[in-house]
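Below, chains carry the letters A, B, ... as their sequence lines are ordered, and counting in each starts from 1.
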2 protein chains.
Amino acid sequence: MSRASDRAYRKIRSFILSGEVRPGMQLTEERLSEVSGVSRTPVRDAVQRLENEMLLVRSASKRLSVADWSNDEIDEMFTLRGMLESHAVERAAQRMDAKRLNQLREINEALTKAIDQATPDIATFLTTNRQFHDLILDCAQSPRLSKLLPALIEQPVVRRTAHQYSREDLMQSRADHEELIAAFTAKDEAWASSVMTSHIRRAFHSFSVATKIGVEE
Amino acid sequence: MSRASDRAYRKIRSFILSGEVRPGMQLTEERLSEVSGVSRTPVRDAVQRLENEMLLVRSASKRLSVADWSNDEIDEMFTLRGMLESHAVERAAQRMDAKRLNQLREINEALTKAIDQATPDIATFLTTNRQFHDLILDCAQSPRLSKLLPALIEQPVVRRTAHQYSREDLMQSRADHEELIAAFTAKDEAWASSVMTSHIRRAFHSFSVATKIGVEE
DNA sequence: CGGATTGCATTTGTATACAATAGAATGTCA
DNA sequence: TGACATTCTATTGTATACAAATGCAATCCG
């Protein structure tokens, strides 16, 4: 059986990622403990984790609310993610082995199946896409990156706009993954790194178009 | 009066940074609560913060110990710090104002005084150096960077070897700061960014020499 | 003798009661 | 009426007791 603090963490996190609780909304620890069915102690653990991921924020008076990001913060989030994932992919290229390379290929095949349909299966796309990035992160063998990156990758704003992505966006993602695999096969760190940089920035562009933000009017 | 969890955090943190508790050393929450004079509840808060900064780690069985980093992890820590501080300095260059520019100049004058002596005042050097980087971080106006960077900057391994830095290292740091100020004055982000990149990498080199690590034998 | 197993001691995890504090509401007086 | 002080209330912070889990060592059995 999992720990109560983990259950609370997952529950609150899913509320935020799904958009069930809106950015800026005020929360109380007691309310969260009711919702997640555990006492305030493990809730406080969970809340602190979510604060560190910047999904929750505390006002000056320690009151709790769901984070509400400015366009500048979202832009920077993608920038940082680009820098760190490019770095991760360099490390991964140096440490890649045949077994994991095959796993990457399998994951990307699953991803291909998900989008090669009349109506792309976005949920599966998101899951397999995440698996792909997670496996790379695993290959990078860096505890620090493994701690920092997930908080930049899993974001409510991204999650909520995913279903608006065009087929071209999804196809391009798949192609990027293919190229990454090629770079890994060639053990070419610089190639892998540059592909990842554009992969992430392109994701930001798709996101911007989907949400109409990031374009000065 | 500060909160108990903050007092515990500062106390435990100072033990780690000063080297009073050694890397790899096992700790218990109860022992820490005795040492810091508060109950286990705020100690757990403090410990979670320190875990996030990777100064403390938990084993698979949730037992607590002081982090002990490999050379690879230290190298990467400097790499990440270089990437993030270079990014911070770009943002800062765009947002710099006259008042803060003057503050930077004052801080660097204080730093100069600290090292222009028969025996350089390392403690003051560390303090003012930190002030310099903190003020830049403040100018960058990025909550995310403000959360991530301090954990990369304040590190026990660095702190403990600081007194071994040569006068040349200290003078070079001062010169880097001067150049950063010049870049800020010229509002030249790229200049500022590149200076910061070498500034951090040079710091890693000084550190490596001081500790004899990072050199394959 | 080696390896699994059980029981005990240590340590972490959780619930709950209470203390401290910040915000809101109410009252008071010029 | 409006600014200020004063309760009152809602919320977070802390201590403590107890539950669960983990490591360790003695024990048992092959």
Side-chain angles (χ1 to χ4, degrees), chain A residues 1-16 20-68 143 146-147 150-151, chain B residues 1-16 20-68 143 146-147 150-151:
Chain A
M1 190 54 179
S2 66
R3 284 195 300 285
S5 57
D6 288 340
R7 293 199 302 278
Y9 169 78
R10 285 196 297 268
K11 190 128 199 170
I12 299 168
R13 188 165 178 274
S14 80
F15 279 140
I16 299 171
E20 219 161 324
V21 294
R22 290 305 183 85
M25 185 173 176
Q26 290 238 352
L27 303 171
T28 69
E29 294 175 358
E30 190 159 10
R31 184 93 190 82
L32 291 175
S33 87
E34 289 168 15
V35 168
S36 49
V38 300
S39 80
R40 268 184 59 213
T41 306
V43 163
R44 281 174 67 84
D45 272 27
V47 163
Q48 204 187 329
R49 286 174 68 184
L50 292 163
E51 276 183 80
N52 260 296
E53 296 173 7
M54 300 189 79
L55 293 179
L56 294 178
V57 293
R58 276 191 192 275
S59 69
S61 60
K62 306 294 175 186
R63 271 169 170 68
L64 204 63
S65 59
V66 181
D68 189 8
S146 296
K147 184 183 286 279
Chain B
M1 190 53 177
S2 66
R3 285 194 301 284
S5 57
D6 288 340
R7 293 199 301 279
Y9 169 78
R10 285 195 298 269
K11 191 130 199 167
I12 299 167
R13 188 164 178 273
S14 80
F15 279 140
I16 300 171
E20 221 160 322
V21 294
R22 290 305 184 84
M25 184 173 178
Q26 289 238 351
L27 304 170
T28 69
E29 294 175 357
E30 190 159 12
R31 185 92 191 81
L32 290 175
S33 87
E34 288 168 16
V35 167
S36 49
V38 300
S39 79
R40 268 184 59 213
T41 306
V43 162
R44 281 175 66 85
D45 273 26
V47 163
Q48 204 187 329
R49 287 174 66 183
L50 293 163
E51 277 183 80
N52 258 294
E53 297 173 7
M54 300 189 78
L55 293 179
L56 294 178
V57 292
R58 276 189 192 278
S59 69
S61 61
K62 307 294 175 185
R63 270 166 171 69
L64 205 63
S65 60
V66 180
D68 189 7
S146 296
K147 183 182 287 280

Is [X] touching bases, backbone alone, or none of the nucleic acid, heavy atoms closer than 4.0 Å?
X	value
B:Leu32	nothing
A:Thr41	base
A:Arg63	sugar-phosphate

Rounded to the nearest angstrom, tell me the gap between atom [atom1] in [X] and atom [atom2] in [N].
X	N	atom1	atom2	value
A:Tyr9	C:dG13	OH	P	16 Å
B:Arg3	D:dT14	CZ	C1'	12 Å
A:Asp6	C:dG13	CG	C1'	11 Å
A:Arg40	C:dT16	CZ	P	12 Å
A:Arg7	C:dG13	CZ	C1'	11 Å
B:Glu30	C:dG13	CD	C1'	14 Å
B:Gln26	D:dG23	CD	P	10 Å
A:Arg58	C:dT21	CZ	P	16 Å

So, is A:Arg44 near the phosphate of D:dT12, with a side-chain N or O under 4.0 Å from OP1 or OP2? no
Begin with the C-alpha distance, continue with both residues' side-chain angles, and end with the deciding distance and a verdict on side-chain contact (heavy atoms from CB on, under 4.5 Å) for A:Asp45 and A:Tyr9. CA-CA 8 Å; A:Asp45 272 27; A:Tyr9 169 78; over 6 Å; no
With a 3.5 Å cut-off and just heavy-atom distances, do the side chain of B:Ser61 and the base of C:dT11 make a donor-acceptor pair? no
Could you tell me whether B:Glu34 atom CD has more than 12 heavy atoms of other residues or ligands within 6.0 Å of it? yes
Any ion pair linking A:Arg13 and A:Asp6 (charged N to carboxylate O, less than 4.0 Å)? no
I'd like to know if B:Glu29 and B:Arg58 make a salt bridge, using a cut-off of under 4.0 Å between side-chain N and carboxylate O. yes
Using the side-chain heavy atoms of [X], tell me which of these nucleotides is nearest: [options].
X	options	answer
B:Glu29	D:dT12, C:dT12, D:dT14	C:dT12
B:Val38	D:dA15, D:dA17, C:dT16	D:dA15
A:Pro42	C:dA15, D:dT11, C:dG13	C:dA15
B:Ala4	C:dA15, D:dT12, D:dT14	D:dT14

Which heavy atom of A:Asp68 sits nearest to which heavy atom of A:Gly24, and what is that distance? CB-N, 4.0 Å
